[in-house]
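Scroll down for the structure; my scribbles are underneath it.
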Amino acid sequence: MKRQAFKAPAPPLWAVLFLRWFCAPDMVETIEGDLHEEFLHQVKRRGVQAARRRYWLEVFGFMKLKYIKKQPLLSTARRSNSLLTPDMIVNYFKIAIRSIWRNKAVSAINMLGLMLGLTSSLLIFLWISDEVNMDRYHTNGPQLYRLMWRQITEGKRMAMGSTPGPTADEFKKKFPEIVHTSVFTARSKAMTLKVGEKIFKETGDWAGADWFKMLDIRLLAGSPETALRDPNSISISRKLADNYFGGVQNAVGKSIRIDNKEEFQVTSVFENLPLNTSQKYDFLLSWASFLNQNPWAKEWGNPSPWTLVQLRADSDVAAFEAKIKHALRSYLSINAKNAARFDVELFLQPYEDIYLHSETDNGEISGGRIDYVHLFAIVGVIVLLIACINFMNLSTAQTARRAREVGVRKVVGASRSRLTIQFLGEALLLTFAAALGALGLVILLLPAFNQLTGKAIALHMTDWNFSLAMFTIVAVTGGLAGSYPAMYLSSLRPISVLKGALKSKRSTTMFREGLVVIQFTISMVLMIGTFVVYRQMNFIQEKNLGFDRENLIYVPMEGRLLERYSVLKQELLHMPGVYGVSRMDYQPSSIGSGTTQVDWTGKDPSVNIQFAQVSVGYDMDSVLKMKLKEGRYFSPALTTDSSGYVINEEAARRIGYKDPIGQPLSLWGKQGKILGIIKDFHFQSLREPVKPLVMWFGEKNNYGNLLVRTQPGQTRYALASLETICKKLDPSFVFTYSFADQEYEKMYKNEQVIGTLGNYFAFLSIFISCLGLFGLASFMAQQRRKEIGIRKVLGATVLGIVGLLSHHFLRLILIAILIACPTAWWAMDKWLSGFKYRQELSWWTFPATAGLLIGIALVTVSYQSVRAALLDPGKILKSE
Amino acid sequence: MKRTYLGEFEEIVLLAVAVMQGEAYGVAVMHDIVEQTGRDLRLNQVHSALHRLEEKGMVKSRLGEPTAERGGKRKRLFVVTAYGERTLQEIHHVRLNFWDKLTNPFKLAADL
C-alpha cells in the first residue's frame with residue numbers, strides 16, 4: 001500500500017485498450033480523458049478497487065453504435081486510401097524485393113521460366129503480327145477481290161486463283177459494279193535486265209493496265225494511266241531506277257533489254273514495295289506484252305493469271321458474286337446438257353486474304369498460312385502457360401516459408417485483399433523483370449529468328465501495338481501466375497499457421513499435381529508433334545518422286561541460249577562432269593500449268609478434265625532417269641516424233657484407250673499421237689495426288705529451263721563447264737542455276753520452318769516443365785529431410801530413397817502421357833491428312849517419346865533425390 | 001409556431017453547460033448535475049446528451065488543453081449557442097407563464 005502512495009493509481013489497462021480498440025478515433029480522446037478524470041474522482045471517494053470496477057462499467061456503457069469505430073470493410077474510401085498510398089506501394093515493393101532475394105533459387109527458376117516463356121511468346125507475337133498485316137496497306141484493299149475459278153468435274157470440285165486471260169477486260173465491260181480490273185501473273189520470275197553494260201537478274205511480273213490505279217503503290221515518275229498500258233512498257237522500282245539509271249528522273253523513257261530478246265520502255269518508276277507485301281517484284285511488264293509473247297493467254301480455255309477486280313464501295317458483294325457465278329459458261333461452251341457433268345463457277349476471294357488463305361480443299365478456300373498463324377498462337381499461349389504453371393507451383397510450394405509471414409500480417413490487421421494485392425504485385429514485379437530480360441533475348445534472337453522464318457521483322461519499341469501487346473502479355477502472365485498463389489496464401493488462417501500446424505490440404509496438393517500433369521501433357525504433345533513433322537519431312541525428302549533429283553541442275557535459259565540450244569547441248573555433252581542435258585519449260589517438281597483442251601477419239605464432249613501440260617526436249621527421260629511404261633520417248637531419229645505426245649499413267653487411265661500407243665491425241669487442237677506412257681512421277685507438291693500430264697515436244701521453244709545431270713561427285717566441274725559454255729554462246733548471259741533437290745525442299749519451306757520451330761518450342765516447354773519439376777522435387781526433398789534421415793538410420797538404401805522420392809513424380813508423368821497420347825494422335829492425324837502422300841503415324845512413336853519424357857523427368861528429379869538421399873542422417877536428426 | 005423538443009435530461013445538461021460558462025466538459029457537467037439533483041449518473045449518458053445537443057445545434061464544442069489529471073488527454077469544452085440560449089429562455093418563459101397563472105397555492109389532490 002505504501003508503494004502505491006507515490007504512484008498515481010491507473011485505470012485498468014485492458015479496459016483502456018478495449019476502449020481504444022472499439023472507439024471511433026475522433027471521440028476516443030475526450031472519452032478516455034473524461035473516464036480518467038472520473039476514475040481519479042472515484043478513487044478518492046470509494047477507493048481504487050471500486051473505481052476500477054466503475055471504470056469497466058463506464059467503458060461498457062460507451063459500447064453504443066455511435067461510439068464504435070467504423071471498420072475498414074464498411075468504408076471503401078478509407079480502405080482504398082490505405083492500400084494505394086505511395087508509402088504502401090513502396091512498402092509492397094520492398095517486401096517483394098526482399099522475398100525474391102531471400103529465395104534466390106526459387107526466384108531464379110521462376111524468372112528463367114517466365115523469361116523463356118515470354119521470349120517465345122513475344123517472338124510469336126512479332127511473327128503473327130507480321131503475317132496478319134501482310135498486304136493490308138492498300139486504301140482500296142477492302143474493295144479488291146481475286147476471281148477464283150472453281151471447277152466441278154464428275155462430281156469432284158477443285159478451285160484455283162487462276163482465270164482465263166481475257167476475263168479481266170471482258171468483265172470490266174460487262175459488270176457495272178467493277179471499277180478497275182487487272183490481270184497479274186504472280187510468277188515472280190527472274191529475268192535478265194540489260195541497260196548498256198549493266199546486266200543483272202531481277203524479279204518481275206506482268207500486270208494489267210489498271211494495276212497502279214487499284215493498289216497503293218506510289219509512282220515516283222509516270223502516271224497510273226499510262227504506266228502499263230502499251231506493249232513493251234515496263235515499270236521499275238526506285239531501287240532498279242537507281243541501280244541502272246542513277247536516279248528516278250533519269251529512268252523514264254529509257255529502254256531496257258529483257259532476257260536478251262526485247263526492248264522495253266520505262267514508263268514509270270514506283271516506290272520500293274513495303275516489306276508487308278506478299279507479291280515481291282522489282283519491275284512490272286505490261287500485260288499487252290505478255291499477250292504478244294504468249295498468244296495462248298488470249299484463249300478462254302487456259303486459266304493462268306490472277307484476275308483482280310476492284311468493286312464499287314457501295315456494291316453488294318454477295319449479289320455480284322451470284323451474278324458472276326456462271327458468267328464463264330458462255331465463253332467455255334458449257335451448256336445445259338454438260339453442265340451437270342462439269343461446270344466452271346467463279347467466286348471472289350478478298351485480296352487481303354490471299355496471302356493467308358491460299359489453299360483450297362474440295363473447291364473451297366480452306367486455309368493456308370492462317371493455319372500456321374493459329375498453330376503458332378496456340379503454341380505461344382501454351383509455352384507461356386507452362387511458365388505460369390511453374391510459377392504457381394513453386395510459389396505454392398513455398399507456402400511453408402511464407403505462411404508465417406502471412407500469419408503475422410493477418411494478426412496485425414492486414415486484410416485478405418491487402419495480402420492478395422501484395423502477392424499479385426510480387427508476381428507482377430517478377431514478370432516485369434522477366435519481361436525486360438525477355439525483351440533483351442528477343443533483340444538477341446531476332447536475327448536468327450528472321451533467318452529461320454525468312455522474314456525481316458524489326459522490333460519497334462515505340463510501336464503502339466507492340467507496347468500494348470507487351471503490356472497485355474506481362475499483365476496477363478503476371479496476373480495468371482500470381483493469381484493462385486495470391487488466393488491460396490492470403491486464405492491461410494493465422495491461428496493455425498502460427499501454431500505451426502500447417503499441413504498442405506489434399507485439394508491444394510491435387511491442384512499442384514494437376515498443374516504438373518498439364519505441363520507434361522503439353523510437353524509430350526509438342527514432342528510427338530515435332531517428331532511426326534520431322535518424320536513427314538524426312539519422308540518427303542526421301543520419297544522417290546519418280547525421277548532422280550540428285551545431281552541435277554536447273555539453269556533458266558533465255559535469248560540466244562534458247563536459239564542455240566542444240567549447239568549448247570552438244571558442247572555441254574563433251575564437257576567434264578556432265579552426264580546428260582535436256583530441257584523443259586518448267587522444273588520437273590513444279591509443273592504448274594493446266595489445260596482442259598486435250599481431245600481424243602471417243603472423248604465424251606461433256607467431260608472436262610484438267611490436264612497438266614509441259615513441253616520437253618530430247619533425252620528428258622534419261623536425264624531425269626524416268627521410267628517408261630509403254631512405248632517410247634521422243635527420239636531425234638524419228639522426225640515425226642516432234643508432233644507426238646508422251647503422257648503419264650494417270651493421263652492414260654483418264655483417256656481410257658485400250659491400247660494407247662499410236663492412238664490420236666490433240667492438245668490445243670494440235671493433232672498428234674501418243675508415243676509413250678511414262679510412269680507417274682510427282683511433278684507437284686506431295687499434298688496433291690498425281691494429275692494427268694501431257695508432255696509435248698518443245699525443243700525450239702523460246703523459253704524454258706536447261707536440265708543438266710552431272711556425274712556424281714563432279715558437280716563442281718559440271719558447274720564450271722556450264723558457265724564457260726553459256727558465256728561463250730552468249731556473253732551477256734547472266735549465269736544462274738539451282739539444284740533440283742534444293743528447289744524441291746523449297747516447296748516445303750513452311751513445313752521445314754514449322755518443324756524447326758516446333759523443335760525449339762518442344763525443347764523449351766520440356767525445359768521449362770523440368771525447371772518446375774526440379775523446383776518441386778527440391779521442395780519435396782527439403783520437406784521430407786527428417787523422414788529420409790530416419791529411414792536411413794533404420795537402414796534404407798540410397799537407391800530405395802531415390803525411388804521413394806521419384807515414384808511420386810513418375811505417377812504424374814504417367815498420367816500426362818496417358819492424356820497426351822490420344823490428343824497428339826488426333827492432332828497429328830489431322831495435320832498429316834493434308835498430305836496426299838504421307839508417312840503414317842506409327843505406334844512406336846508413342847512409347848518412344850513417353851520413354852524419353854520419363855527419362856528426362858527422372859534425371860531432373862534424381863538430382864534432388866540423390867542429394868537428399870546422400871545427406872548425413874546424423875546432421876539432419878541432430879537438430880531434433 | 002416553431003416548437004423545440006428538448007428532453008428533460010437534455011434540458012438539465014444544457015442548463016449545466018450554460019451555468020458553467022465555458023468550463024463545461026463531460027465529467028464536470030456530470031458532477032455538477034449529480035450535485036444539483038442527486039441523481040446517479042454515468043458518463044456515457046452525459047456524453048450522449050451533449051452529442052445530441054450538439055447535433056441539434058444548441059451547444060458547440062472545441063478541444064481544450066491536455067491535463068495530467070486526465071492521463072494527458074484533452075477536454076472537449078462545450079458552450080451554449082445563441083439558439084440554445086433562446087431555447088432555454090423559451091422553456092423558462094413557458095414555465096413562468098404557467099406559474100403566473102397558478103393564483104392559488106397548491107391544492108392537495110385529495111381535496112378534489
Side-chain angles (χ1 to χ4, degrees), chain A residues 3-70 74-75, chain B residues 7 9-10 12-14 16-17 19-20 22-81:
Chain A
R3 281 176 67 191
Q4 269 186 354
F6 40 86
K7 192 187 165 200
L13 181 65
W14 281 108
V16 175
L17 289 181
F18 180 61
L19 177 83
R20 284 179 191 165
W21 175 72
F22 75 74
C23 194
D26 54 337
M27 299 192 197
V28 72
E29 189 181 15
T30 38
I31 291 177
E32 205 191 319
D34 276 2
L35 284 171
H36 197 92
E37 211 178 324
E38 171 67 1
F39 174 73
L40 295 181
H41 177 78
Q42 293 290 334
V43 169
K44 266 184 239 154
R45 275 182 58 183
R46 301 192 212 170
V48 179
Q49 289 305 316
R52 289 174 81 97
R53 273 200 303 275
R54 170 91 184 186
Y55 195 96
W56 269 108
L57 213 65
E58 287 280 8
V59 165
F60 282 125
F62 277 101
M63 283 194 67
K64 288 178 185 164
L65 205 55
K66 101 166 90 167
Y67 299 114
I68 289 176
K69 187 193 293 181
K70 290 190 176 87
L74 299 172
S75 150
Chain B
F9 185 63
E10 284 170 69
I12 289 183
V13 172
L14 189 56
V17 172
V19 167
M20 292 169 79
E23 290 302 316
Y25 64 95
V27 181
V29 172
M30 184 178 77
H31 285 167
D32 206 12
I33 296 173
V34 169
E35 225 171 290
Q36 297 287 329
T37 63
R39 296 188 195 191
D40 189 11
L41 277 183
R42 293 244 214 96
L43 256 176
N44 69 70
Q45 295 167 311
V46 179
H47 269 263
S48 296
L50 285 169
H51 268 290
R52 283 199 298 275
L53 286 170
E54 193 162 29
E55 272 161 20
K56 289 178 182 175
M58 294 186 194
V59 296
K60 59 184 181 184
S61 69
R62 61 180 175 88
L63 285 174
E65 291 304 313
T67 49
E69 56 186 355
R70 294 171 58 83
K73 305 292 174 191
R74 289 177 293 179
K75 297 170 180 171
R76 185 168 287 279
L77 294 167
F78 291 87
V79 288
V80 179
T81 62

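Sequence lines set the chain letters: A, B, ... in the order given, protein chains first and strands last, and positions in each chain run from 1.
Under the rule for a salt bridge (charged side-chain N to carboxylate O under 4.0 Å, His left out), the partners of B:Arg74 that lie at least two apart in sequence or sit in another chain are A:Glu29.
Chain A is approached within less than 4.5 Å, heavy atom to heavy atom, by B:Asp40, B:Leu41, B:Arg42, B:Leu43, B:Asn44, B:His47, B:Ser48 from residues 38-48 of chain B, ordered by number.
One finds the CD atom of A:Glu37 at 7.5 Å from the NE2 atom of B:His31 (value rounded to the nearest 0.5 Å). Here CD1 of A:Ile31 is found 12.0 Å from NZ of B:Lys73. Values are rounded to the nearest 0.5 Å.
A salt bridge links B:Arg70 with A:Asp34: the distance from a Lys NZ or Arg NE/NH1/NH2 to an Asp or Glu carboxylate oxygen falls below 4.0 Å.
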